[in-house]
*Asks:* 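Got a structure for you, written out below as structure tokens; questions coming shortly.
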Amino acid sequence: MRKPYIAANWKMMKNIAETEEFINSFIPLVNGISDVDILIAPPFTSLGLASHLLLPTNIKLGAQNMFYEESGAYTGEISADMLLFAGCSTVIIGHSERRQFFGETDETVNKKIKMARSKGLEVILCIGESLQDREAGRTYDLLGKQLTGSLKDLSLDGITIAYEPIWAIGTGKTATPQIANETHTYIREWLNQNKEKADNVRIQYGGSVKPENIGELMAEPEIDGALVGGASLNPESFANIIKGARK
């Protein structure tokens, strides 16, 4: 049985003071929970403080992005070594907003994952389809293409997959648990057909996950956790999602 894994992606929200306030409130709410893996991915500016505050806990620290080169003249970018030095164990790669607004492709995602894994960072790889793709019946073709390109020449060690239907991110719309599970089942089958140790890989669902729907989602056999956006910004809300994910 795969251990549930709940991750918070704060995106471009919360400054350093707000990060400190959140973490100081959040830690007591999840104290003693060891049957769910928990990760917080704040903005880069809060990583150092978050690392210090989370040190005595089992809560992982993650980054929301990184570059695929080791170092050099890449203004505005951040390297895997910098994330490790800041205390990160994990990095989110290929989020739909990175693909949509910053032109990331499966090729660049693949390069980033290779660099992250070579440095020992765990990876949450995001994939997902637009509403137009779903309505046109292209969901599985697109997900297969994203998996093929993003995971080229890579093993699945240290990699979690986050399925995020773009049409459900920040819109209040949520794929039904059945739709999410059907899609996760496709992803699992693809992994089994193309990679080794696929049954060990956790597949998170992302897309308007809330305390009110986490129980239904986690009841589905192929949903192993969630990548949470807006509902992770409030300590009580995020703690309730974690408690609702316990199986």
*Asks:* Using only heavy-atom distances, determine whether the side chains of W167 and E129 contain a donor-acceptor pair under 3.5 Å.
*Replies:* yes
*Asks:* Say you draw a straight line from CG of L125 to CG of L147; how long is it, rounded to the nearest 0.5 Å?
*Replies:* 7.0 Å
*Asks:* Have a look at K60 and tell me which of L54, I38, D37 forms a side chain to side chain contact (heavy atoms under 4.5 Å, CB included) with it.
*Replies:* D37
*Asks:* Ignoring hydrogens and angles, tell me if any N or O in the side chain of D133 forms a donor-acceptor pair with the backbone of R138 under 3.5 Å.
*Replies:* no
*Asks:* Should the pair Y205 and Y163 be assigned to parallel (<30°), tilted (30 to 60°) or perpendicular (>60°) ring geometry?
*Replies:* tilted
*Asks:* To the nearest 0.5 Å, what is the distance between CD1 (I78) and OG (S71)?
*Replies:* 13.0 Å
*Asks:* For the backbone of A198 and the side chain of R188, can you confirm whether one donor and one acceptor N or O come within less than 3.5 Å of each other?
*Replies:* yes
*Asks:* Any side-chain donor-acceptor pair under 3.5 Å between H95 and Q64?
*Replies:* no
*Asks:* Could you go through E70 and M115, starting from their C-alpha distance and side-chain angles, then the distance that decides it, and tell me whether this counts as side chain to side chain contact (heavy atoms under 4.5 Å, CB included)?
*Replies:* CA-CA 8 Å; E70 191 143 358; M115 177 56 74; 4.2 Å; yes
*Asks:* Is there a salt bridge (charged side-chain N to carboxylate O under 4.0 Å, His left out) between E236 and K243 once you walk through the steps?
*Replies:* CA-CA 10 Å; E236 289 79 16; K243 292 170 184 174; over 6 Å; no
*Asks:* For the atom pair CG (L39) and CD1 (I6), what is the distance rounded to the nearest 0.5 Å?
*Replies:* 11.0 Å
*Asks:* Okay, side chain of K114, backbone of L154: is any donor-acceptor separation there less than 3.5 Å?
*Replies:* no
*Asks:* Nearest 0.5 Å, what's the CD-OH distance between E69 and Y74?
*Replies:* 4.0 Å
*Asks:* Go through the steps for I161 and W190 under the test side chain to side chain contact (heavy atoms under 4.5 Å, CB included), then give the verdict.
*Replies:* CA-CA 12 Å; I161 306 292; W190 188 97; over 6 Å; no
*Asks:* Walk me through whether Y68 and T108 qualify under side chain to side chain contact (heavy atoms under 4.5 Å, CB included).
*Replies:* CA-CA 8 Å; Y68 52 73; T108 56; 4.2 Å; yes
*Asks:* Just do the side chain to side chain contact (heavy atoms under 4.5 Å, CB included) check on I124 and N9 with the steps written out, would you?
*Replies:* CA-CA 11 Å; I124 296 176; N9 176 16; over 6 Å; no
*Asks:* Please say yes or no: joined through hydrophobic side-chain contacts below 4.5 Å, possibly via intermediate residues, are V228 and I23 part of one cluster?
*Replies:* yes
*Asks:* Answer yes or no: does atom CZ of F85 have more than 12 heavy-atom neighbours from other residues, nucleotides or ligands under 6.0 Å?
*Replies:* no
*Asks:* Ring-plane angle category for Y186 and Y140, please: parallel below 30°, perpendicular beyond 60°, tilted otherwise.
*Replies:* parallel
*Asks:* Between R117 (side chain) and D157 (backbone), is there a donor-acceptor pair under 3.5 Å?
*Replies:* yes
*Asks:* I'd like to know whether CD of E21 has more than 12 heavy-atom contacts from other residues, nucleotides or ligands below 6.0 angstrom.
*Replies:* no
*Asks:* Which residue, Q146, R99, K152, K111, forms the side-chain hydrogen bond (donor to acceptor under 3.5 Å, both in side chains) with D106?
*Replies:* R99
*Asks:* If you count heavy atoms of other groups shown closer than 6.0 angstrom to CD of E77, is the number above 12?
*Replies:* yes
